[in-house]
Structures are given as structure tokens and as C-alpha cells.
Amino acid sequence: KMNDSFVQVAKETIGMLRNAHIKQTQSTMLADQKAHMLTGIILISLSIIVSNIAVNEMNSVLTKVSFFLFCVIEIIAVLLALFVIVPRLGPKVSKGSDIKSYNPLFFMHFMNFDKSTFCQQMMKDIEKPETVYKLLLDDFYDMGSALKRKYIILRYAYLCAAFGLIPVTLILLAAMI
């Protein structure tokens with residue numbers, strides 16, 4: 001347990017928390033950027049391949065099945081990438097709820113409270129250094145949980161996109177034969 005009796009907050013502690021927060025924010029933005037890029041690449045590839053397939057005839061069953069599999073797998077990859085990008089809003093907070101059960105640093109947890117109630121609660125929370133640290137650490141943990149979810153889904157999106165290359169390879173091989 002932290003000690004409430006300290007008067008001065010160590011600069012190193014504040015620096016560490018600030019750096020950790022910046023790293024998590026940058027990692028969140030990176031995950032979103034990767035998901036955006038993957039979505040763009042897949043959609044451009046799909047449009048080029050679909051337009052080329054529409055012009056050419058698909059004579060063999062292998063080509064038709066491969067084309068169908070490619071489209072389905074790549075659409076799944078796009079949907080997974082979109083799940084990374086779509087903002088997660090967290091639990092709904094209703095008026096009269098106990099603000100302490102939520103993260104008061106996250107806007108979705110306090111936006112249904114009036115400004116006065118929010119300010120009173122925050123002023124109470126920042127009276128003690130221990131409470132300030134707890135708020136920061138809770139927020140840090142919540143950001144990390146959301147970041148973990150994003151990267152797990154992003155990994156599946158990339159794997160799906162990569163597996164979609166297998167049917168395209170079959171289409172190209174069938175065209176060469």
C-alpha cells in the first residue's frame with residue numbers, strides 16, 4: 001500500500017508514468033494505423049482482382065472456388081481490421097451511479113455526470129497523492145487492456161489476409177496451366 005504521508009511526488013515517478021502513458025498511446029495509434037493500412041491494401045487488391053476476374057472467364061472449378069475463398073477470407077480480414085479501429089465505448093454510466101466504480105479519467109465514464117459533480121469528485125480524488133497515483137495506474141491498466149484486445153484482433157486480421165494469398169496463388173497457377 002502506498003503511503004499518504006509523503007509531501008512531494010518524486011519527479012522520476014511522474015516521468016515514468018508519463019512515459020508509460022505516451023508509449024501506450026503511441027501503441028494504440030500504431031495498431032489503428034496498421035489496421036487502416038491493412039484495410040486499404042485488401043480493399044484495393046480485392047477491387048483489382050475482382051475487376052480482372054470479371055473481364056476474364058473462370059473456366060475451371062478450381063479457379064471459381066479459389067476466387068470465392070479469396071474473397072471470403074479477405075472480407076473476414078477487413079472486418080477484423082475494422083474491429084480494431086472501431087472505438088470501444090465501455091460500460092454505460094447512468095445518472096446516480098457511483099462514479100468511484102468507473103475510471104473517472106475516461107470520458108465515457110463521466111460524460112453523463114454534470115460538470116459540477118465531475119469536478120467535485122475529481123477535486124476529492126486529487127487531495128491525496130495515493131489517490132492520484134491510483135487514478136493514473138487504473139487508467140494505465142484500462143488502456144493496456146484495450147491495447148491488448150486491439151493487437152490480438154490485429155494479429156488475426158493479418159493472418160487472415162496472409163491466408164487469403166493461398167487461393168490467389170492457386171488462381172494464378174491455374175491461369176498459367
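Only heavy atoms go into these numbers, but all of them, side chains included; no hydrogens, no water, no symmetry mates.
- Not counting sequence neighbours, the partners of Arg18 by the side-chain contact (heavy atoms from CB on, under 4.5 Å) test are Ile14, Ile22.
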Sequence neighbours excluded and cut-off under 3.5 Å, please list the side-chain donor-acceptor pairs for residues 28-50, or say none.
unit_1	atom_1	unit_2	atom_2	d
Thr28	OG1	Gln24	O	2.9
Asp32	OD1	Lys150	NZ	2.6
Thr39	OG1	Ala35	O	2.8
Ser45	OG	Ile41	O	2.8
Ser47	OG	Leu43	O	3.3
Ser47	OG	Ile44	O	2.8

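- Linking ILVMFWY residues whenever their side-chain heavy atoms come closer than 4.5 Å, directly or via other members, places Ile126 and Leu136 in the same cluster.
- A single hydrophobic cluster is seen to contain both Val132 and Met123, as judged by linkage of ILVMFWY side chains at heavy-atom distances under 4.5 Å, directly or through other members.
- The shortest side-chain heavy-atom distance between Glu74 and Val78 does not fall under the 4.5 Å cut-off.
- Under the rule for a side-chain hydrogen bond (donor to acceptor under 3.5 Å, both in side chains), the partners of Thr63 that lie at least two apart in sequence or sit in another chain are Ser60.
- The hydrophobic cluster containing Tyr141 does not contain Leu137, counting ILVMFWY residues as joined when their side-chain heavy atoms lie under 4.5 angstrom apart, directly or transitively.
- Atom-to-atom distance recorded for Ile75:CD1 and Leu80:CG is 12.5 Å, nearest 0.5 angstrom.
- More than 12 heavy-atom neighbours from other residues, nucleotides or ligands sit within 6.0 angstrom of OH on Tyr151.
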Review point. Would Phe118 and Met122 satisfy side-chain contact (heavy atoms from CB on, under 4.5 Å), going step by step from the backbone distance to the final call?
Key: CA-CA 6 Å; Phe118 172 73; Met122 287 304 293; 3.4 Å; yes
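- Taken together through direct or relayed side-chain contacts under 4.5 Å among Ile, Leu, Val, Met, Phe, Trp and Tyr, Tyr133 and Phe140 form parts of separate hydrophobic clusters.
- Every residue meeting the side-chain contact (heavy atoms from CB on, under 4.5 Å) condition with Asp139, not counting sequence neighbours, appears here in chain and number order: His21, Asn103, Leu105, Met143.
- Annotation: side-chain contact (heavy atoms from CB on, under 4.5 Å) contacts of Ser116 (sequence neighbours excluded): Asp114, Gln120.
- Remark: Lys64 NZ to Leu62 CG distance equals 11.5 Å, nearest 0.5 Å.
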Less than 3.5 Å apart, which donor and acceptor atoms pair up between the side chains of residues 160-177 and the rest of the protein, not counting sequence neighbours?
unit_1	atom_1	unit_2	atom_2	d
Thr169	OG1	Leu165	O	2.8

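- Applying the side chain to side chain donor-acceptor pair (under 3.5 Å) test to residues at least two apart or on different chains, none of the pairs has a partner in residues 152-163.
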